[in-house]
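Every value quoted in this text rests on a predicted model; they were computed, and no experiment measured them. Every chain is numbered from 1 and lettered A, B, ... according to where its sequence line falls, protein lines coming before strand lines.
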Amino acid sequence: MRSHLELHNSPHQTLKFYKLFVFQNTSPDHYTYPILLRSCTARVSEPEGKQIHDHVVKFGFDSDVYVRNTLINLYAVCGNMVSARQVFEESLVLDLVSWNTLLAGYVNLGDVMEAERVYDLMPERSTIASNSMIVSFGRKGSVVKARRLFDQIQGKDMVSWSAMISCYEQNGMCEEALVLFVDMNANGVMVDEVVVVSAISACTSLSVVWMGRSVHGLTEKVGIQDYVSLQNALIHLYSSCGEILDAQKLFNGGIVLDLVSWNSMISGYLMCGLVEDAKTLFDSMVEKDVVTWSAMISGYAQHGCFAEAVALFQEMQLLGIKPDESALVSVISACTNMAALDLGKWIHAYISKNKLRVNVILGTTLIDMYVKCGCVENALEVFHAMEEKGVSTWNALIRGLAMNGLVEKSLNMFADMKKTKTLPNEITFMGVLGACRHMGLVDEGRRYFSSMTQEHKIEPNVKHYGCMVDLLGRAGLLREAEELIESMPMAPDVATWGALLGACRKHHNNEMGERLGRKLIQLQPDHDGFHVLLSNIYASRGNWGDVFEIRRVMAQHGVVKIPGCSMIEANGIVHEFLAGDKTHPQINDIEHMLDEVAAKLKIEGYAPITSEVSLDIDEEEKETALFNHSEKLAVAFGLITIPPPAPIRIIKNLRICNDCHTVVKLISKAFDREIVVRDRHRFHHFKHGSCSCMEFW
DNA sequence: ATAGGGTTAG
């Protein structure tokens, strides 16, 4: 009778057989019910379990501990702790398994409080119960409590070690996890395929391949190497450490792998930058899950293939696959990079329409997208709607407000943040100091900078120093800026020197500029920015001989100036313009529009700022060169394509030049259009002839 | 033949 039921592996078969069996009026014995209940538990099917429970009562098997324990487990696994508890409390006889099962139920539901209460009430503490508690503490991040308990266990078994190692690993204490794993071996405790997975995960997080290799060797020695999850952990280890060939060897190694293995291999290729290989594998997969899509989309986004990321997301939509948070995060960040605001808004609407949960990461990504597209209002809306906010959420908004010229709002936001329990971090101060920089708030900047160590116990890093140098330099305090560089406890980076050099150019300190420029070119002969800045300093003085010399050195070292590029989205398509670009299909219309702009601006009294052109050409040619700047082409295209009153939004890879800034200001007045330009640094909101940056950038 | 530990994306 028992074997008949068990023969039917499929749970449905088991239940069908049972109904037949009851129908024949054969009386069940006490083996019958646990089998049926386990079948329900395996499928997490509470209604069916309830049915069996009724039969248990009807046939009088509800006094059997074994049967009752199986019932407790069924309800616990289904998440119904009320019923599980009821069965437990109504039991006349309880054994250790009853307690352990109830405890495990609370642990798996994350109810540490109740788990602890049950654990304290247990008449006798088994190793199994203690192991459960280690897991429970681990999930709540109480590593110290877990360790204390681990040390108290008298008869530690393999699972005790395994749970404690996993606890460390899950809480980011990977060194401790590995130390304990080594300890476990030294104590002669057996290892199995589960505990080595935790150890390998720890090696992966720490990027210690050699240790991972030795664990891999151990598994072969003990003969447990053929487990799928172990293979998956190893594939992940090797690919995260850049050993893609080892990962590939395992992947092609003949062991039957599952979907996770394929996903791991795809993300492995992507981690190693092998986007093509990842896509080939992706295309060859018959069965894909959300993780597969998500991995591919985020891989694309991380490698700058934004259009591909978006395309894949749309393909996923067409196939009716529901994106998870990760896919959404990746595709939104792709939108941010491409300045595809319309698509970004569509995804936001999709999230709202489908009532998807906006967690901290997703919310922060949305805020970042909105602020980087110049939509402060939308960003604030998302921010206020978020139930849970992380540091990164505040950081995104503080930085974003400042980028959009709302410096005061940004600093107020920082003050609000301090009122909450969220502690600021290094990145927060990048935002705060950046805000001061955008408005030239030298005194405030100094105060925030010193408050980092004084008040918040955060040591400033190179970037914070760079920010301060830039702030001082822009304000014309060149000596103080240079002194700050000299006082830095670490070596200044390229950006720090670059900031000072830029300040020299801005404040026409050619002596210091030349001195720094020459030094920096020696330091970094392949850096395009230094050459360009120095060349600009010479050019502004009409020193064409030196300009020519620098160009020659650049050519000799193969230094190429990154070309200016502006992007604009129209009707869901992103258009790109380079300086002097004639390749756009609507170039004739654009040039017509530029003529119209030139005519209108003449009336407004515009004079081209030809000193922005670092070429030895005559004035008229300089004017033409200025009008070829990519942002002007993009604005002209926007004037043609985007109907008012919608703002014209442009993204530029470099900083906007002085002349373009003036021209766009005038256009905003002459054509009565709102124009938003994001350069590599910040936003410029042009409206009625003025800009949100208040001439500070 | 009832209870405890593990893998992939962000």
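Note on A/Q170: a side-chain N or O is less than 4.0 Å away from OP1 or OP2 of B/dT7. Proximity of A/Q302 to the phosphate of B/dG10: a side-chain N or O atom is located under 4.0 Å from OP1 or OP2. Between A/R139 and B/dG5 there is a side-chain polar atom (N or O) within less than 4.0 angstrom of OP1 or OP2. Note on A/N232: every side-chain N or O is 4.0 Å or more away from OP1 and OP2 of B/dT8.
On a pure distance criterion of 3.5 Å, no polar donor-acceptor pair joins the side chain of A/S326 and the base of B/dG10. Side-chain atoms of A/D324 stay outside donor-acceptor range of the base of B/dG10, with no qualifying N/O pair under 3.5 Å.
Taking atom CD of A/E325 as the reference point, atom C1' of B/dA9 lies 12 Å away to the nearest angstrom. Separating the CG atom of A/L281 from the P atom of B/dT8 is a distance of 18 Å, rounded to the nearest angstrom. Atom NE2 of A/H236 is separated from atom P of B/dG10 by 9 Å (rounded to the nearest Å). In this structure, A/H53 places its NE2 atom 19 Å from P of B/dT2, rounding to the nearest Å. Counting to the nearest Å, the C1' atom of B/dT8 and the OH atom of A/Y269 are 16 Å from each other. Regarding A/L71, its CG atom lies at a distance of 15 Å from the C1' atom of B/dA1, rounded to whole Å. If you take CG of A/L270 and P of B/dG10, they are 9 Å apart, rounded to a whole angstrom. In this entry the distance linking CD1 of A/I266 with P of B/dA9 reads 12 Å, nearest Å.
Among the heavy atoms of the strands lying under 4.0 Å from A/D192 is at least one base atom, whether or not backbone atoms are also near. Among the protein residues, A/S264 comes within range of the sugar-phosphate backbone only, with heavy atoms under 4.0 Å from sugar or phosphate atoms but none that close to a base. In this structure, A/S201 reaches the sugar-phosphate backbone alone: every heavy-atom distance under 4.0 Å involves primed, P, OP1 or OP2 atoms, never a base.
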Anything under 3.5 Å between a donor and an acceptor, one on a side chain of residues 292-299 of chain A, the other on a protein residue two or more places apart or in another chain? List them.
unit_1, atom_1, unit_2, atom_2, d
A/T292, OG1, A/N263, OD1, 2.8
A/T292, OG1, A/D289, N, 3.0
A/T292, OG1, A/D289, O, 3.3
A/T292, OG1, A/D289, OD1, 2.7
A/S294, OG, A/D324, OD1, 3.4
A/S294, OG, A/S326, OG, 2.5
A/S294, OG, A/A327, N, 3.2
A/S298, OG, A/S294, O, 3.3
A/S298, OG, A/A295, O, 3.3

Tell me which donor-acceptor pairs under 3.5 Å the side chains of residues 196-205 of chain A have, and how far apart each pair is, sequence neighbours excluded?
unit_1, atom_1, unit_2, atom_2, d
A/S201, OG, A/V197, O, 3.1
A/T204, OG1, A/I200, O, 2.8
A/S205, OG, A/S201, O, 3.2

Taking distance alone, no hydrogens or angles, what donor-acceptor pairs closer than 3.5 Å link side-chain atoms of residues 344-356 of chain A to residues at least two apart or in another chain?
unit_1, atom_1, unit_2, atom_2, d
A/H348, ND1, A/Y370, OH, 2.8
A/S352, OG, A/H348, O, 3.0
A/N354, ND2, A/Y350, O, 2.9

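A side-chain donor from one of A/E46 and A/N80 sits under 3.5 Å from a side-chain acceptor of the other. A donor-acceptor contact under 3.5 angstrom links the side chains of A/Y119 and A/S130, judged on distance only.
The nucleotide whose nearest atom lies closest to any side-chain atom of A/N73 is, among B/dA3, B/dA1, B/dT8, B/dA3. For A/V197, the listed nucleotide lying nearest its side chain is B/dT7; candidates were B/dG5, B/dT7, B/dT8. Side chain of A/V135, nearest nucleotide from B/dA9, B/dA1, B/dG5: B/dG5. The side chain of A/S298 has B/dG10 as its nearest neighbour among B/dG5, B/dA3, B/dG10.
Legend: residues meeting ring-ring contact (aromatic ring centres under 6.0 Å, His included) with A/Y168, ordered by chain and number and at least two apart, are absent. With sequence neighbours excluded, the residues forming a ring-ring contact (aromatic ring centres under 6.0 Å, His included) with A/F383 are A/W394, listed by chain and number.
Counting heavy atoms from C-beta on, the side chains of A/L121 and A/W99 come closer than 4.5 Å.
For DNA chain B, the neighbouring residues in residues 92-105 of chain A, judged by any heavy atom under 4.0 Å, are A/V97, A/N100, A/T101, A/A104.
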